[in-house]
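Reviewing the structure listed below.
This one's a predicted model, so the numbers in the text were calculated from it and none came from an experiment.
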Amino acid sequence: MHFMTALRAAWQRRNSLLCVGLDPDPARFPAHLQGRPDAILEFCKGIVDATADLVCSFKPQIAYFAAQRAEDQLEALIDHIHTRHPDIPVILDAKRGDIGSTASQYAAEAFERFRADAITVNPYMGRDSVEPYLEYADKGVILLCRTSNPGGSDLQFLDVGGGERLFERVARLVANEWNASGNLGLVVGATFPNEIARVRELTGDMPLLVPGIGAQGGDIAATMQAGRTANGTGLMINSSRAILYAGSGEDYAEAARRVALETRDAINAHR
Ligand SMILES: O=c1ccn([C@@H]2O[C@H](COP(=O)(O)O)[C@@H](O)[C@H]2O)c(=O)[nH]1
């Protein structure tokens, strides 16, 4: 199924704009999982199964798996999501960016090896660096636009001519010139609601992946006001650490569920 079709269906069926981020840090795992060779997979499966009915997507961050030599557990995790929760799209947060020949390998890694439904990509090497991902027309490609970190302003706020800022140029290019297959989205941080509003203005109903609530302190009400579309969707609002590490005991998954439920409901209060 096309990523956008799956995402729209998940927004409706799950009544949720919440994306749970899977950033597994073994140092923060509960004691009963410490030292197990499959700890990352087991931890993440617990979170996924406890929250699947509350989310529109899951977003594993590849660095947390690669740093632990656990790409095999990432493969198994995505397989688990597809098998147990087949209607929930998986966004691989990899933020890749390279020349076309190498980008082809990254695209194959994301979509063929890991079987992700969408990937985050860094667009700052230009259109030819993004094209290999676009060949997978049914997959989502979510391009960095206005990132959630304070240093994002160093470059993304530069005036690229006529008062237009770099992140605005990215949003305009992506919405008007690069989106021939209708499978593109943008990353805009919840920590910058004014920029979410600007990107929404420039891109119509394009889906926005919005990290930055929870551990980074972004405001849900301001995010929703700035970014929701007329039908009350259009956003995948990500929270990772605040949900993953809501509890630290054997009941960590139930604690994660409680925070995911509160977060989903706080988002829905502004739809
Ligand atoms: O601009 C960006 C782009 C991506 N991220 C990623 O989202 C999560 C946020 O985790 P929290 O624990 O909810 O802060 C993480 O995987 C980042 O790599 C981002 O934060 N900002």
Side-chain angles (χ1 to χ4, degrees), residues 3-4 7 19 59 61 63 91-107 110 118-137 139-213 216-219 221-230 233-238:
F3 169 72
M4 295 301 172
L7 177 62
C19 171
K59 182 183 78 61
Q61 165 48 262
I91 302 161
L92 183 66
D93 193 356
K95 301 185 185 69
R96 301 300 197 196
D98 212 318
I99 61 168
S101 52
T102 305
S104 299
Q105 300 301 315
Y106 281 138
I119 183 176
T120 59
V121 169
N122 187 332
Y124 289 94
M125 284 179 72
R127 184 182 185 133
D128 59 314
S129 75
V130 173
E131 267 161 3
Y133 303 94
L134 306 183
E135 283 166 21
Y136 295 82
K139 301 290 188 179
V141 182
I142 304 178
L143 298 148
L144 299 183
C145 180
R146 199 312 174 215
T147 57
S148 66
N149 57 314
S153 310
D154 294 346
L155 300 175
Q156 295 155 23
F157 261 30
L158 290 179
D159 186 336
V160 290
E164 186 180 38
R165 291 167 293 176
L166 180 55
F167 82 90
E168 295 174 306
R169 174 72 62 86
V170 169
R172 207 161 50 77
L173 271 178
V174 169
N176 301 332
E177 295 183 28
W178 295 6
N179 198 18
S181 302
N183 61 340
L184 302 187
L186 290 168
V187 175
V188 192
T191 41
F192 297 100
N194 291 340
E195 282 71 52
I196 298 177
R198 180 67 182 134
V199 171
R200 176 57 73 218
E201 200 171 75
L202 290 168
T203 62
D205 283 354
M206 177 170 279
L208 306 180
L209 173 62
V210 184
I213 64 158
Q216 296 179 55
D219 184 70
T223 294
M224 285 298 289
Q225 204 174 343
R228 67 166 181 253
T229 54
T233 65
L235 301 172
M236 299 159 271
I237 303 183
N238 181 84

Take Cys145 and Gln156 through the test side chain to side chain contact (heavy atoms under 4.5 Å, CB included) and record every step on the way to the result.
-> CA-CA 8 Å; Cys145 180; Gln156 295 155 23; over 6 Å; no
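- The minimum heavy-atom distance between Ile196 and Gly227, with the atom names listed, is CG2-CA, 3.5 Å.
- Screening residues 200-209 for salt bridge (Lys or Arg N to Asp or Glu O under 4.0 Å) gives Arg198-Glu201 as the qualifying pairs, with residues at least two apart or on separate chains.
- In terms of the side-chain hydrogen bond (donor to acceptor under 3.5 Å, both in side chains) criterion, Arg228 has no residue partners (sequence neighbours excluded).
- Considering only residues two or more places apart in sequence or on other chains, Tyr136 meets the side-chain hydrogen bond (donor to acceptor under 3.5 Å, both in side chains) condition with Glu112.
- For residues 170-196, the side-chain hydrogen bond (donor to acceptor under 3.5 Å, both in side chains) pairs, not counting sequence neighbours, are Glu164-Arg172.
- For Val199 against Leu208, the heavy-atom pair with the smallest separation is CG1-CD2, 3.9 Å.
- The line from CD1 of Ile99 to CE of Met125 is 6.5 Å long, rounded to the nearest 0.5 Å.
- The distance from atom CD1 of Ile91 to atom SG of Cys19, rounded to the nearest 0.5 Å, is 4.5 Å.
- For the side-chain contact (heavy atoms from CB on, under 4.5 Å) test, residues two or more places apart in sequence or in another chain that qualify with Ala190 are Val210, Ile213, Thr223.
- Sorted by first and then second residue, the ring pair (Phe, Tyr, Trp, His ring centres under 6.0 Å) pairs with a member in residues 191-213 form an empty list; sequence neighbours excluded.
- Here the closest non-hydrogen pair linking Ser129 and Ala103 is O-CB, 3.5 Å.
- To the nearest 0.5 Å, the span separating OG on Ser153 from CG on Leu166 amounts to 11.5 Å.
- Under the side-chain hydrogen bond (donor to acceptor under 3.5 Å, both in side chains) criterion, Asn149 pairs with Thr147, sequence neighbours left out.
- Every residue two or more places apart in sequence or in another chain that forms a side-chain hydrogen bond (donor to acceptor under 3.5 Å, both in side chains) with Glu131 is listed here: Arg127.
- The structure places CD1 of Ile142 at 8.0 Å from CG of Leu7, a figure rounded to the nearest 0.5 Å.
- By the 4.5 Å heavy-atom criterion applied to side chains, Met224 and Ile237 are counted as neighbours.
- Between the side chain of Ser104 and the main chain of Gly100, a donor-acceptor pair closer than 3.5 Å is present.
- Separating the CD1 atom in Ile119 from the OH atom in Tyr133 is a distance of 5.0 Å, to the nearest 0.5 Å.
- For Glu135, there are no salt bridge (charged side-chain N to carboxylate O under 4.0 Å, His left out) partners, not counting sequence neighbours.
- Between Val188 and Pro211 the shortest heavy-atom distance is O-CD, 3.7 Å.
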Decide side chain to side chain contact (heavy atoms under 4.5 Å, CB included) for Met206 and Val174; before the verdict, give the C-alpha distance in whole Å, the side-chain angles of both, and the deciding distance to 0.1 Å.
-> CA-CA 10 Å; Met206 177 170 279; Val174 169; 4.0 Å; yes
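- Not counting sequence neighbours, the partners of Lys95 by the salt bridge (charged side-chain N to carboxylate O under 4.0 Å, His left out) test are Asp93.
- Side-chain contact between Lys59 and Leu209: present, with at least one pair of heavy atoms (C-beta onward) separated by less than 4.5 Å.
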Could you go through the side chain to side chain contact (heavy atoms under 4.5 Å, CB included) check for Tyr106 and Val121 one step at a time?
-> CA-CA 10 Å; Tyr106 281 138; Val121 169; over 6 Å; no
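- In this structure, Leu184 and Pro207 approach most closely via the heavy-atom pair O-CD, 4.0 Å.
- Applying the ring pair (Phe, Tyr, Trp, His ring centres under 6.0 Å) rule to pairs touching residues 151-170 yields Phe157-Phe167, sequence neighbours excluded.
- With contacts defined as side-chain heavy-atom distances shorter than 4.5 Å, the pair Tyr124/Val170 qualifies.
- Of all heavy-atom pairs between Pro123 and Val130, the closest is CA-CG2, 4.2 Å.
- Put simply, the side chain of Thr120 gets close to the backbone of Ala94: a donor and an acceptor are under 3.5 Å apart.
- Under the rule for a side-chain contact (heavy atoms from CB on, under 4.5 Å), the partners of Ala63 that lie at least two apart in sequence or sit in another chain are Gln61.
- Here the OG1-CD distance, from Thr203 to Glu168, works out to 12.0 Å after rounding to the nearest 0.5 Å.
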